[in-house]
Protein chains: 2
Amino acid sequence: MSSTHTHSKKNQSLTKNQRIVLDLLQNSGEPLKAYFILDSLKKEGLNSPLQVYRALDKLVELGKIHKIESINSFIICNNSNCASNTAFTICERCGKVKEIKNKYLKDSVSDLVKDNQLEITRYNLEFYVLCKSCKIN
Amino acid sequence: MSSTHTHSKKNQSLTKNQRIVLDLLQNSGEPLKAYFILDSLKKEGLNSPLQVYRALDKLVELGKIHKIESINSFIICNNSNCASNTAFTICERCGKVKEIKNKYLKDSVSDLVKDNQLEITRYNLEFYVLCKSCKIN
DNA sequence: ACCTCTAATGTTATACTATTACATATGTAA
DNA sequence: TTACATATGTAATAGTATAACATTAGAGGT
């Protein structure tokens with residue numbers, strides 16, 4: 001899964017810390033934990049948890065990454081325009097995480113809660129699955 | 001919201017720690033954090049975080065309570081037979097949490113991911129909303 | 001260029017959340 | 001009763017996240 005140089009270089013206007021954190025997540029493609037990010041970027045000049053968390057917070061806010069709550073991890077966004085909404089599958093056996101594409105969800109989600117008179121501002125959906133390769137073995 | 005004595009008394013076969021933790025969550029009806037539970041039950045004999053976490057783990061496993069991942073909190077189950085699946089609305093303004101009834105979800109959820117060839121073993125859905133009373137003010 | 005304001009940084013300390021490890025006790029079934 | 005799994009009690013520690021405060025960097029307006 002090395003997609004190191006395949007992403008658009010639209011990471012301008014980010015600060016140095018935000019950029020190196022985003023680059024790491026982009027190059028990794030899998031969910032990373034804050035303290036792992038810290039360790040990985042010590043050589044780039046990151047010294048404290050707060051530097052990592054501040055960068056992560058901003059990137060989440062910009063919709064460039066997502067937090068997966070149930071595993072306290074952060075992953076690069078594979079969609080666009082999902083600053084507020086996130087949906088993932090997480091393999092129960094191998095832990096592999098995939099983001100579910102927006103377009104599969106929009107309509108279903110509104111059906112999902114139409115019986116409540118609630119207006120949804122955002123959502124975080126975590127589906128635990130057995131992924132294809134784990135299902136085989 | 002005092003539904004203190006309206007729940008069925010099927011809490012037999014639970015151990016003492018499991019029972020007092022469950023009772024607290026039942027009487028509270030809102031999400032509680034582990035260390036809050038610990039403080040609340042010091043007088044009942046709970047002394048260490050681990051005692052709380054072990055009771056919580058067991059109760060989650062039994063489907064009697066749920067963990068709401070994004071707020072590190074636990075709440076009494078308002079459904080039945082949802083040991084594995086959870087779905088909540090969380091008010092963005094006041095933090096109020098409500099469990100979404102199973103029956104509204106079963107079909108929608110299977111639609112939701114029918115395009116993927118994944119078999120879902122369980123899910124955790126967190127919908128952030130503006131609740132009715134917050135919408136008014 | 002200068003002022004101003006906002007956002008980001010750097011650093012230390014601390015708070016909050018959760019688990020490891022180990023010794024002991026309890027309940028259930030053969 | 002023995003054996004086994006499960007729960008308990010306790011202390012220590014690991015993992016996750018934020019508060020507080022001083023400083024610096026950027027973007028806009030004049």
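Per the geometry, CD belonging to A:E61 stands 13 Å off C1' belonging to C:dT6, to the nearest Å. Atom CG of A:L38 and atom P of D:dT16 are 12 Å apart (whole Å).
Scanning both residues, B:L32 and B:S28, for their nearest heavy atoms gives CD2-OG, 3.6 Å. Closest non-hydrogen pair, A:L25 versus A:L56, comes out as CD1-CD2, 4.1 Å. The two residues A:H66 and A:T86 come nearest to each other via the heavy atoms ND1-CG2, 3.0 Å. Taking every heavy atom of both residues into account, B:A55 and B:N17 meet most closely at CB-O, 3.9 Å. Between B:K64 and B:I76, the closest heavy-atom pair is O-CD1, 3.7 Å.
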Nucleotides 9-20 of chain C: protein proximity per nucleotide (B base, S sugar-phosphate only, - neither; heavy atom, under 4.0 Å): BBBB----BBBB
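Between the side chain of B:K67 and the backbone N or O of B:D57, no donor-acceptor pair lies under 3.5 Å.
Legend: residues meeting side-chain hydrogen bond (donor to acceptor under 3.5 Å, both in side chains) with A:R93, ordered by chain and number and at least two apart, are absent. With sequence neighbours left out, A:E126 forms a side-chain hydrogen bond (donor to acceptor under 3.5 Å, both in side chains) with A:S70, A:N124, B:N124.
When hydrophobic clusters are built by joining Ile, Leu, Val, Met, Phe, Trp and Tyr residues whose side-chain heavy atoms come closer than 4.5 Å, directly or via intermediates, A:Y35 is grouped together with A:F74.
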Protein-nucleotides 24-29 of chain C N/O pairs under 3.5 Å:
none

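Between its two ends, the helix from C:dA1-D:dT30 to C:dA30-D:dT1 turns its axis by 40°, counting five pairs per end and rounding to 10 degrees.
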Listing, residues 37-45 of chain A side-chain donor-acceptor contacts under 3.5 Å, not counting sequence neighbours, or none:
unit_1, atom_1, unit_2, atom_2, d
A:S40, OG, A:F36, O, 2.8
A:K43, NZ, A:S40, O, 2.7

